[in-house]
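Atom set for the values below is all heavy atoms of this structure, side chains included, hydrogens, waters and symmetry mates excluded. Here is the naming used below: chain letters follow the sequence lines, and residue numbers restart at 1 for every chain.
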Amino acid sequence: MMKIATWNVNSIRSRLEQVVQWLQENSVDVLCLQETKVVDADFPRSLFEQLGYHLYISGQKSYNGVAIISRSPLADVSTGFAPVLGDNNIGELDEQKRVITGVLDGIRIVNLYVPNGAAVDSEKYYYKLRWLKVLRDYLQTLLQQPAEVALNPKASSAAVQSAIQNPKSLCVCGDFNIALEDRDIHDPAAFKGRIMASEAERQALRLVLELGLADAFRKFTAEGGHYSWWDYRTGAFRGNRGWRIDHHYLTPDLYERAISCKIDSAPRKLPKPSDHTPVIVEF
DNA sequence: ATGGCAGTAAAATACTGA
């Protein structure tokens, strides 16, 4: 039994009370945060540590920033693309803190904050597309790496053979800033071809998923009208004018094991909320 | 087409987000 949540909190310091409260009311094993907007030295660790959680963080001043908050310690934690792909293959893409990963109970959890892209054809849009291409290489490399058991000198040769031959279990979650299908947008016609819905972004994400990853939410829910982000402006939440852009993508073994995937819209109703709300997958 | 709203850094607005 394991629950993994993802939540873009739009500043952990502004949302600290809400996040701690939510953790106390929702017994998740792992909470992946995005847009923490704080350097590591200033991350508000203590309330989480008092609750018994372990923290793994990668932040920067003002923008971006990711963190994994886990009830149990994680193995093999790394941040950014470089530890997996090497320094020569990623250009400047690790300057923005958007990637953190670790292993829990044989599941590699990858927590992502995909670039927003500003507007189609902008400089930031091409940064987003380039980032998604590198993400594919990154995940492909993780999938090809032998599992931790294969690196353990005490593991039996049978276990090592099995670990090498069997695909790894990956839960790739976070704020993707892409609605892959029209049913993920409240008014797809109005946003056709626009940022977060454009064909090039969707195709870049599809290429990532072709590595063998499937959307946990769509295992259980086919209809539209379910969203994870609502614009602060123009009363978008009240009118449920939202987008589903926060996802859990799972390798086949985990997809089979998943027993629920739910969006918890309660935190979006609070005063001073994040514009995103948590999504939780359960195995 | 633009702005609406919110957070950060910094001290008023500019930048970013989605």
NA contact type, [X], heavy-atom cut-off 4.0 Å: base, sugar-phosphate, or nothing?
X	result
A:Arg15	sugar-phosphate
A:Asp246	nothing
A:Asn177	sugar-phosphate
A:Ser62	sugar-phosphate

[X] [atom1] to [N] [atom2], straight-line distance once rounded to whole Å:
X	N	atom1	atom2	value
A:Arg98	B:dT16	CZ	C1'	10 Å
A:Tyr127	B:dG17	OH	P	10 Å
A:Glu123	B:dT16	CD	C1'	14 Å
A:Phe176	B:dG17	CZ	C1'	18 Å
A:Arg268	B:dC5	CZ	P	13 Å
A:His276	B:dG17	NE2	P	11 Å
A:Lys37	B:dA18	NZ	C1'	11 Å
A:Lys272	B:dA6	NZ	P	7 Å

Which value, in whole Å, describes the distance between the [atom1] atoms of nucleotides [N] and [M]?
N	M	atom1	result
B:dT13	B:dT2	P	22 Å
B:dA14	B:dA1	P	23 Å
B:dA6	B:dA11	P	24 Å
B:dA10	B:dG4	C1'	24 Å
B:dG7	B:dA12	C1'	16 Å

[Y] backbone acceptor or donor facing [X] side chain under 3.5 Å:
X	Y	answer
A:Ser274	A:His276	yes
A:Lys128	A:Glu201	no
A:Arg241	A:Thr234	yes
A:Asn177	A:Met196	no

Is there a donor-acceptor contact under 3.5 Å linking the side chains of A:Asp184 and A:Tyr227?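 No - no donor-acceptor pair under 3.5 Å links their side chains.
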
Going by atom types only, do A:Gln21 and A:Glu25 share a side-chain donor-acceptor pair under 3.5 Å?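 The answer is yes; a qualifying pair exists.
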
Measure from the side-chain heavy atoms of [X] and tell me the nearest of [options].
X	options	value
A:Thr234	B:dG7, B:dG4, B:dT16	B:dG4
A:Arg13	B:dC15, B:dG17, B:dA9	B:dA9
A:Asp231	B:dA10, B:dA18, B:dG7	B:dA18
A:Tyr113	B:dA18, B:dA9, B:dG7	B:dA18

Tell me which of A:Trp229 and A:Pro273 sits closer to the 5' end of DNA chain B, going by the nucleotide each one is nearest to.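 Of the two residues, A:Pro273 wins.
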
Residue closer to the 5' end of DNA chain B, A:Glu35 versus A:Tyr232 (nearest nucleotide):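 This one resolves to A:Tyr232.
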
Could you tell me whether the phosphate oxygens of [N], OP1 or OP2, come under 4.0 Å of any side-chain nitrogen or oxygen in [X]?
X	N	value
A:Asn64	B:dT16	no
A:Ser274	B:dA6	no
A:Ser14	B:dT8	yes
A:Lys61	B:dA9	no

Partner of A:Glu199 by salt bridge (Lys or Arg N to Asp or Glu O under 4.0 Å), out of A:Lys192, A:Arg194, A:Arg206: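 With A:Glu199 as partner, salt bridge (Lys or Arg N to Asp or Glu O under 4.0 Å) holds for just one option, A:Arg206.
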
